[in-house]
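Structure record follows, encoded as structure tokens.
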Amino acid sequence: MPELPEVDVIKQALRKTIINKKINKVSIHNPNLRFKVNKNLEKILINKKILNISRIAKYLVIHFETGLFLIIHFGMSGTLHMVDKKKNINTNLSFYSHLNLPKKHNHVEIFFKNSRLIYNDPRRFGFIKVLNKMENLKKYFKKIGPEPNSKQFNTRYLKRKLNKKEINIKNALLDQTLVSGLGNIYVNEILFYSKIYPLKKSSEISKKFINKIIKYSNFVIKIAIKNGGSSIMNFKNTTGRMGNFQKEFKVYGKDGYMCPRTNCKGKIKKVFISNRSSFYCNICQK
DNA sequence: CCGTTAACCTGAGAGC
DNA sequence: TGCTCTCAGGTTAACG
């Protein structure tokens, strides 16, 4: 499911919901996610209090007392749901789907006194992992590149990285070791704003356009978070919380439409780049 | 080491 | 209605 903005919105919602709550019980209905869920998850988490929630790239990080961290990656279809015990109301943190997600995909449930947090993931590309100690957390994310809105993601850094690559810019920006948190939707959008053809060789991108990538990465991510992230796929049926940034898409999923840029008479084309759909204007992206 | 492709999964929607 | 096919917000092992 989510890229950086969606995970960030989930983080914000969770901060309002589960900080200072203590784990009463953990149920693992299906441990077979991308990586097998630790059998001892309940033993490890029981009676532990949640101190904070943060986000690193596309990962959600739940901080517990005694230096314990639970990291959640949502893969393509992972969602979290808060369910109130008494009212059985689903206070939804989801973007991908609706409130009546099949229960068979509720793989892990974390119980609190009056509520529970459900991890649902039809495709099981996501995973949940416990890390003990800040040191292990840092080690885990060692290979992850800077985030688009960080100081490290600057002209010098990006120029150096892109210059030594023989791949197209679309794939370069999807490389999480180069820049972290961007996925298929946002890379398509960023390249549109930057007027760069997605198949352009990354080593041939001039400084001027490198600066555009930085500028519009910041812009797109910021506005996406502001709009509550993007909800695609099943959003027709969504009665839970959903994002609105999909309404702002310029090219993603817009093949056949006219280019939204004023004074551009181009058309949005769809091509597959490394098995991922890519959208671009055939005139203004060069 | 680098770049590309296939594979991991389930479900929705299109076309017949 | 039902079958087959394609596609989906991600990552990475295996290959040349």
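So that the names make sense, note that chain A is the first sequence line, chain B the second, and so on, each numbered from 1. Here the structure is a predicted model, which is why all the values come from computation and not from measurement.
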(message) Restricting to side chain to side chain donor-acceptor pair (under 3.5 Å), what partner residues turn up for A:Tyr280, sequence neighbours left out?
(response) none
(request) Under the ring-ring contact (aromatic ring centres under 6.0 Å, His included) rule, collect the residues that match up with A:His73, sequence neighbours excluded. (result) A:Tyr59, A:Phe127
(message) Please give the distance between the P atoms of B:dC9 and C:dC3 as a whole number of Å.
(response) 24 Å
(request) Could you work out the complete set of other residues in the hydrophobic cluster of A:Ile283, with links drawn between I, L, V, M, F, W and Y side chains under 4.5 Å apart? (result) none
(request) For nucleotides B:dA12 and C:dT11, find the distance between their C1' atoms and express it as a whole number of Å. (result) 23 Å
(request) For A:Phe125 and B:dC8, say yes or no: do the ring centres fall under 5.5 Å of each other while the ring planes differ by less than 30°? (result) yes
(message) So, applying side-chain contact (heavy atoms from CB on, under 4.5 Å) with A:Val7, which one of A:Val61, A:Ile56, A:Ile72, A:Leu60 is it?
(response) A:Leu60
(request) For DNA chain C, produce a single dot-bracket line, 5' to 3'. Pairs: Watson-Crick or G-U wobble, both distances under 3.5 Å. Symbols: ( ) within strand, [ ] crossing, | other strand, . unpaired. (result) .|||||||.|||||||
(message) I need the NZ-P distance between A:Lys103 and B:dG11, as an integer number of Å.
(response) 16 Å
(message) Within a 6.0 Å radius of atom NZ on A:Lys195, are there more than 12 heavy atoms belonging to other residues, nucleotides or ligands?
(response) no
(request) To the nearest Å, give me how far apart CD1 (A:Ile71) and C1' (C:dT11) are. (result) 14 Å
Distances under 3.5 Å between protein N/O atoms and the N/O atoms of nucleotides 14-16 of chain C, please, pair by pair.
none

(message) Could you check whether A:Asp175 pairs with A:Lys165 (Lys NZ or Arg NE/NH1/NH2 to Asp/Glu carboxylate O, under 4.0 Å)?
(response) yes
(message) For C:dT11 and A:His73 - does any side-chain N or O of the residue sit under 4.0 Å from the phosphate oxygens OP1/OP2?
(response) yes
(message) Salt bridge check, A:Asp121 against A:Arg124: does any charged N sit closer than 4.0 Å to a carboxylate O?
(response) no
(message) Heavy atoms within less than 4.0 Å of DNA chain C: which residues of residues 176-190 of chain A have one? Give them sorted by number.
(response) A:Gln176, A:Gly183, A:Asn184, A:Ile185
(message) Using a 3.5 Å distance criterion without hydrogens, assess whether the side chain of A:Ser27 forms a donor-acceptor pair with backbone atoms of A:Glu109.
(response) no
(message) Expected output is a numbered-order residue list: members of residues 155-166 of chain A with a heavy atom under 4.0 Å from any atom of DNA chain B. What is it?
(response) A:Lys165, A:Glu166
(request) Ignoring the backbone of A:Ser274, work out which of B:dT10, B:dT5, C:dT11 is nearest its side chain. (result) B:dT5
(message) So for A:Arg34 and C:dT11, does any side-chain atom that can act as donor or acceptor lie under 3.5 Å from a complementary atom in the base?
(response) yes
(request) Please report, rounded to the nearest Å, how far the C1' atom of B:dT4 is from the CD1 atom of A:Ile273. (result) 13 Å
Show me the side-chain donor-acceptor pairs of residues 147-159 of chain A shorter than 3.5 Å, one per line, residues at least two apart or across chains.
residue: A:Glu147; atom: OE1; partner: A:Arg55; partner atom: NH1; Å: 3.1
residue: A:Glu147; atom: OE1; partner: A:Arg55; partner atom: NH2; Å: 3.0
residue: A:Glu147; atom: OE2; partner: A:Arg55; partner atom: NH1; Å: 3.1
residue: A:Glu147; atom: OE2; partner: A:Ala57; partner atom: N; Å: 2.7
residue: A:Ser150; atom: OG; partner: A:Glu147; partner atom: O; Å: 2.7
residue: A:Asn154; atom: OD1; partner: A:Arg156; partner atom: N; Å: 3.3
residue: A:Asn154; atom: OD1; partner: A:Tyr157; partner atom: N; Å: 2.8
residue: A:Asn154; atom: ND2; partner: A:Lys151; partner atom: O; Å: 3.2
residue: A:Thr155; atom: OG1; partner: A:Asn211; partner atom: OD1; Å: 2.6
residue: A:Tyr157; atom: OH; partner: A:Leu178; partner atom: O; Å: 2.7

(request) Tell me which nucleotide among C:dG10, B:dT4, B:dC9 gets nearest to the side chain of A:Asn171. (result) B:dT4
Please write out each protein N/O paired with an N/O of nucleotides 5-7 of chain C under 3.5 Å, distance rounded to 0.1 Å.
none

(message) Assess, by modelled atom type and distance only, whether the side chains of A:Asn244 and A:Lys247 contain a donor and an acceptor separated by less than 3.5 Å.
(response) yes
Result block: side-chain N/O donor-acceptor pairs under 3.5 angstrom for residues 201-208 of chain A, not counting sequence neighbours:
residue: A:Lys201; atom: NZ; partner: A:Glu166; partner atom: OE1; Å: 3.0
residue: A:Ser202; atom: OG; partner: A:Ile167; partner atom: O; Å: 2.9

(request) Can you tell me the distance, in whole Å, between the CG atom of A:Asp175 and the C1' atom of B:dG3? (result) 11 Å
(request) Pick base, sugar-phosphate or nothing for A:Asn275, based on heavy-atom distances below 4.0 Å to the nucleic acid. (result) base
Show me the donor-acceptor pairs, under 3.5 Å and distance only, between side chains in residues 254-271 of chain A and residues at least two apart or in other chains.
residue: A:Arg261; atom: NH2; partner: A:Phe192; partner atom: O; Å: 2.6

(request) Look at the side chain of A:Arg124 against the base of B:dC9 and say whether a donor-acceptor pair falls under 3.5 Å; ignore hydrogens and angles. (result) no
(message) List the residues meeting side chain to side chain donor-acceptor pair (under 3.5 Å) with A:Ser278, not counting sequence neighbours, and say none if there are none.
(response) A:Lys170
(message) Looking only at the side chain of A:Ile167 (C-beta and beyond, no hydrogens), which of the listed nucleotides B:dG11, C:dT12, B:dG3 gets closest?
(response) B:dG3
(request) Could you tell me whether the side chain of A:Arg15 and the main chain of A:Ile53 form a donor-acceptor pair under 3.5 Å? (result) yes
(message) Using a 6.0 Å distance limit plus a 45 degree cone around the ring axis, check whether A:Lys222 lies over the aromatic ring of A:Phe219.
(response) no
(message) Just verifying a value: how many Å separate A:Leu137 CG and A:Lys142 NZ, rounded to the nearest 0.5 Å?
(response) 13.5 Å
(message) Let me confirm one number: the CD1-CG distance from A:Ile213 to A:Asn218, rounded to the nearest 0.5 Å.
(response) 12.0 Å
